[in-house]
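Accompanying notes for the structure given below.
Chain A is the first sequence line, chain B the second, and so forth, proteins listed ahead of strands; every chain is numbered from 1.
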2 protein chains.
Amino acid sequence: MSDVKSDIEIARAANKQPIQDIGRKLDIPQDHLLPYGHDKAKIAAEFIKSLADREDGNLILVTAVNPTPAGEGKTTTTVGLGDGLNAIGKKAMICIREASLGPNFGMKGGAAGGGYAQIVPMEDMNLHFTGDFHAIGAAHNLLSAMIDNHIYWGNELEIDQRRITWRRVVDMNDRALRQITTSLGGVSNGFPAEAGFDITVASEVMAILCLANDAADLQKRLGDMIVAYRRDKTPVTCRDIAADGAMAVLLKDALQPNLVQTLENNPAFVHGGPFANIAHGCNSLIATRAALKLADYVVTEAGFGADLGAEKFLDIKCRKGGLKPKAVVLVATVRALKMNGGVAKDDLGTENVEAVKAGCANLGRHIENLKKFGIPVVVSINHFIKDTEAELQAVLDYAKETGAEDALIARHWADGSKGITNVAEAVVRVCESGKADYKPLYPDEMSLFEKIETIAKEIYRADGVTADDGIRRQLEEWEAAGHGNLPVCMAKTQYSFSTDPNRRGAPTGFTIPVREVRISAGAGFIVVICGEVMTMPGLPRKPAAETIRLNEKGQVEGLF
Amino acid sequence: MSDVKSDIEIARAANKQPIQDIGRKLDIPQDHLLPYGHDKAKIAAEFIKSLADREDGNLILVTAVNPTPAGEGKTTTTVGLGDGLNAIGKKAMICIREASLGPNFGMKGGAAGGGYAQIVPMEDMNLHFTGDFHAIGAAHNLLSAMIDNHIYWGNELEIDQRRITWRRVVDMNDRALRQITTSLGGVSNGFPAEAGFDITVASEVMAILCLANDAADLQKRLGDMIVAYRRDKTPVTCRDIAADGAMAVLLKDALQPNLVQTLENNPAFVHGGPFANIAHGCNSLIATRAALKLADYVVTEAGFGADLGAEKFLDIKCRKGGLKPKAVVLVATVRALKMNGGVAKDDLGTENVEAVKAGCANLGRHIENLKKFGIPVVVSINHFIKDTEAELQAVLDYAKETGAEDALIARHWADGSKGITNVAEAVVRVCESGKADYKPLYPDEMSLFEKIETIAKEIYRADGVTADDGIRRQLEEWEAAGHGNLPVCMAKTQYSFSTDPNRRGAPTGFTIPVREVRISAGAGFIVVICGEVMTMPGLPRKPAAETIRLNEKGQVEGLF
């Protein structure tokens, strides 16, 4: 319709307040608020340290059914709920991830939220923002250079050059760099070797930045990273290379959370952005913890659907960070549930209550799963204009029957905070009810393979896990080396509970094949790869970059 | 001596003013000052545009004799003179280059100035600063990815993959990336090709950022860059690849000058940092022009000694930017002149007036050269404790005899502004005298080879220029293609007028051999390479990075 504004039009028309005023809402002293322009700021590490003794607010996780091409609106709900909680008089803030720069030049850049539930400044957040990802890239590549430099000058650590696992990164979609040969051209350039680049967000440094408690913990975890092996297969760490200190120095500003605002001038931290497959896919622990000290309600989200994103949030981030979420908001749309019920994308406009009911099986399984972590679930249905009353009612009924504390229709996309006060009130009721009793799905002391099996059976509902002997042996070796207490980080398709992206709904009768395992010894998890994982995207035939430019007014065109 | 403080100790003890207060000294409205923390800011492009009709202040270039291991103190003098001009009641500011991140992890980072003539915050300026170099790297590498992506999807432009001249960049000393093979691993990764990385400051994008008039001119120049050739040797430009717009978007913030302050709280722009060999080696034109609108006296500097740095400043930057310098301050030290007179570094502590007099031949030739551009010269001798009266007097006498307007002893390193008011007053006298009548060394319409010969004979005092037929033919081809009006950018050793770094003083009886020529069609100059040019440094055996770390207080240790 012609009177519906685009996200970027709404974002550009935002009545932004100076970032100092947003900081004032959280009682952040001006000298601890480090502005980046007039609408972004970092919060000083000293100030965050000073908050340690304050009580924590209520943590609310927003997650979703398995993603479909119909869209679910997880970030939109996260932002809308933050605004909604403020609208009903609560001191609330939002924590979400930063966007990666490179992919915006392939496909068009994304909003943080959508409609009237957005975080701004949208353009900066899709470009360099406050430079965090550049800092991560620099720290990562310093280590890469120092590894090769160590070998160049004599290889005192006896690194096996065929077993260097540490690659390089760039925040750009550049398929030509996936697999390369380095150090060609003679003696002064080093020893020729196979190497490659990932996109910056795939760096273990990113995962570490998002799980570190503070600068000292960051430096310690960087040191723990395994970067290569010797001929006898003993590991060589970043600490052995002596890069940990300099990397921490490069990351000291990036470690401080970024403060921005919603369209309704409520505070939001946007900080860190690890991959949701080979890493845990949520914003930094430092940002979430600081938010809990500064606000009474903190709304955050996790990547992908609840089977991957919420599981990792709860089993990795909450476990490591001592977080105790009070409620989970599970997001769905009638359209997405229809697709889970077998409807093709082109047929979504037609009422189909039976398909909605069939698709609710996906929703229901996520509700059951989330309750296994001891956290009450509120279902929030993002309203679309073509949804019918009967379809919406079918979802609400199903959700309540399946164990959701509440289920409501949210209209924040069109109406901002006043469209979601119902969900905000339900969330407050659930938080105040004291029903939450968070516990991770598996204990630290369970064996690594059993941890994988537990997730596969309890969350995905697989019949079992298959893995060849090499993988099982590798897991046992890590256990013998003292890494057995780590959680596991599952990398599989986000489109299905199974490893087949086409099996929507609530599939059964499948196994989870483990193809590869990797250790992120600094981040502190074992990555379990159950499918293709792409860590360096390519550009499409017609990259968005070709139409991005500055217009005569100096404004950015074509990015959205 | 134990009571002499190090540069970093002095910098950390600085009584910095909020950057807003520094901006106020230049009457920059608060909404046009974009803070980055409390001690750095960018100046908004709109504000800079609004200054167009103001009159220009006086531009003063600080340059030096040929560098020696004894040190000359060019940046220290630039900063000290800026403070000195303010101390005598003039509205003055400073413009210098930004430092590159990568090399600080090889050798220890550098101060901007030294002693009591420094620009702060020193740590930030040696780390990410305001992110300009990261933006340049991202823009550069986007183009690299888009070139390979174009070929991947069918190569409509018929690029000859053996003739891609556009490399990649990273702001890191990483010799392993100098020469690589990309796109290995099969069809989905592209066509295997030879490639390589330079350090970010060597990017033509950096040179363009520093010569662009505004965002529109930036976008136009980016489009002009030649990135590859077809089999028929016709050029393919960045505009053909359609990367120019997106690159300009990535650079829009980086194009805005960075405001910081001296230890004495005087304003300084620190902006851009192109290589001084394959590029022109001075801070951005936008910063210099804005400074001339905001202050009555603007002190700036150029890379290397006057034979390279001042020549490029005057023949490239001033010519392109319509700048008309009013005075040149030529910096030397007794120690450096002694080395030019044949004394070894270990013997510099002993008085040797004859050696000083012999070394003055280097100073004298620079004075003569600078006067060829129509600009009066003030010689400023950086005082060292062990300099004797007789040595100092010998230099002052020589300088005046050889045509310097004035020659003085400067003590800003030890005493700050009050140690250099004598030089500041001399500079004001020269500016007010109206003696300056800037003209470039050669006209635009001279042939490219004659331009090279003119510099070689007039500035270096070579007997002539040698170049093989291929090089002469290449220059003629560029002339035929319409590039004949470009200035030339000489890349040779900075340690001698000749191409032999060991020939100090004022050598004669040599020729300049041209080994290679390159075109920077976007920056707008022909690079003339007369020796080894290293565009990707390596790390030393014991990199500084190994001892850089955060201490318990969160402070950076080991960077300086």
- Message: Within the supplied structure, the quantity of interest is the number of heavy atoms (other residues, nucleotides, ligands) at a distance under 6.0 Å from A:Gln555 CD; does it exceed 12?
- Response: yes

- Task: Using non-hydrogen atoms and a 4.5 Å limit, figure out which bit of A:Val249 sits close to chain B: side chain, backbone, both or neither.
- Result: both

- Heavy atoms only: give me the nearest A:Arg168-B:Ala176 pair and the separation to one decimal. NH2-CB, 3.8 Å

- A:Gln219 portion near chain B, given a 4.5 angstrom heavy-atom threshold: side chain

- Separation of B:Ser144 OG from A:Leu177 CG (nearest 0.5 Å): 8.5 Å

- Among B:Thr182, B:Thr181, B:Asn189, which one satisfies side chain to side chain contact (heavy atoms under 4.5 Å, CB included) with A:Gln179? B:Asn189

- So, the side chain of B:Arg178 versus the backbone of A:Ser188: is there a donor-acceptor pair under 3.5 Å, distance only? yes

- Less than 4.5 Å apart, any side-chain heavy atom of A:Arg175 and any of B:Asp148? no

- Toward chain A, the part of B:Ala216 with a non-hydrogen atom under 4.5 Å: neither

- Count the heavy atoms of every other residue, nucleotide or ligand shown that sit under 6.0 Å from CD of B:Gln30, and state whether that count exceeds 12. yes

- Okay, side chain of B:His134, backbone of A:Ala135: is any donor-acceptor separation there less than 3.5 Å? no

- Can you tell which part of B:Leu101 gets under 4.5 Å to a heavy atom of chain A, answering side chain, backbone, both or neither? side chain

- Note on the structure: Whatever's closer than 4.5 Å to a heavy atom in chain B on A:Tyr36 counts as both

- Message: Could you tell me if the side chain of B:Leu250 sits less than 4.5 Å from the side chain of A:His128, heavy atoms only?
- Response: yes

- For the pair A:Trp153 (side chain) and B:Lys542 (backbone), establish whether a donor and an acceptor sit closer than 3.5 Å, ignoring hydrogens and angles. no

- Message: Please classify the contact of A:Leu539 with chain B as side chain, backbone, both or neither, using a heavy-atom distance under 4.5 Å.
- Response: both

- Query: Heavy-atom distance under 4.5 Å to chain A: side chain of B:Asn104, backbone, both or neither?
  - Reply: neither

- Query: Can you say whether B:Phe197 sits under 4.5 Å from chain A via the side chain, the backbone, both, or neither, judging by heavy atoms?
  - Reply: side chain

- Message: Looking only at heavy atoms and a cut-off of under 4.5 Å, which of A:Gly131, A:Pro192, A:Ala545 has the most pairs with chain B?
- Response: A:Ala545

- Query: What residue, out of B:Pro18, B:Gly37, B:Pro543, B:Gly190, has the most heavy-atom pairs lying under 4.5 Å from chain A?
  - Reply: B:Gly37

- What part of B:Ala248 gets closer than 4.5 Å to chain A, counting heavy atoms only: side chain, backbone, both or neither? both

- Heavy-atom distances under 4.5 Å only: say whether B:Leu559 touches chain A with side chain, backbone, both or neither. neither

- Item | Under 4.5 Å from any heavy atom of chain A - which part of B:Glu557 | neither

- Task: Could you tell me which portion of B:Ala243 (side chain, backbone, both or neither) has an atom closer than 4.5 angstrom to a non-hydrogen atom of chain A?
- Result: neither

- Query: Which one, B:Ala544, B:Gly554, B:Ala138, B:Ala215, leads in non-hydrogen pairs under 4.5 Å with chain A?
  - Reply: B:Ala138

- Message: Heavy-atom cut-off 4.5 Å, strictly under: side chain, backbone, both or neither for A:Met146 against chain B?
- Response: both

- Task: With the side chain counted from C-beta on, respond yes when A:His38 and B:Pro35 share a heavy-atom pair under 4.5 Å apart, and no when they do not.
- Result: yes

- Message: If I compare all heavy atoms of B:Asn141 with all of A:Met172, which pair ends up nearest, and what's the gap?
- Response: O-CG, 3.9 Å

- For residues B:Leu127 and A:Lys252, report the shortest heavy-atom separation together with the two atoms involved. CD1-CE, 4.2 Å

- Please answer whether the main-chain N or O of A:Pro540 pairs with a side-chain N or O of B:Asn149 as donor and acceptor at a distance below 3.5 Å. yes

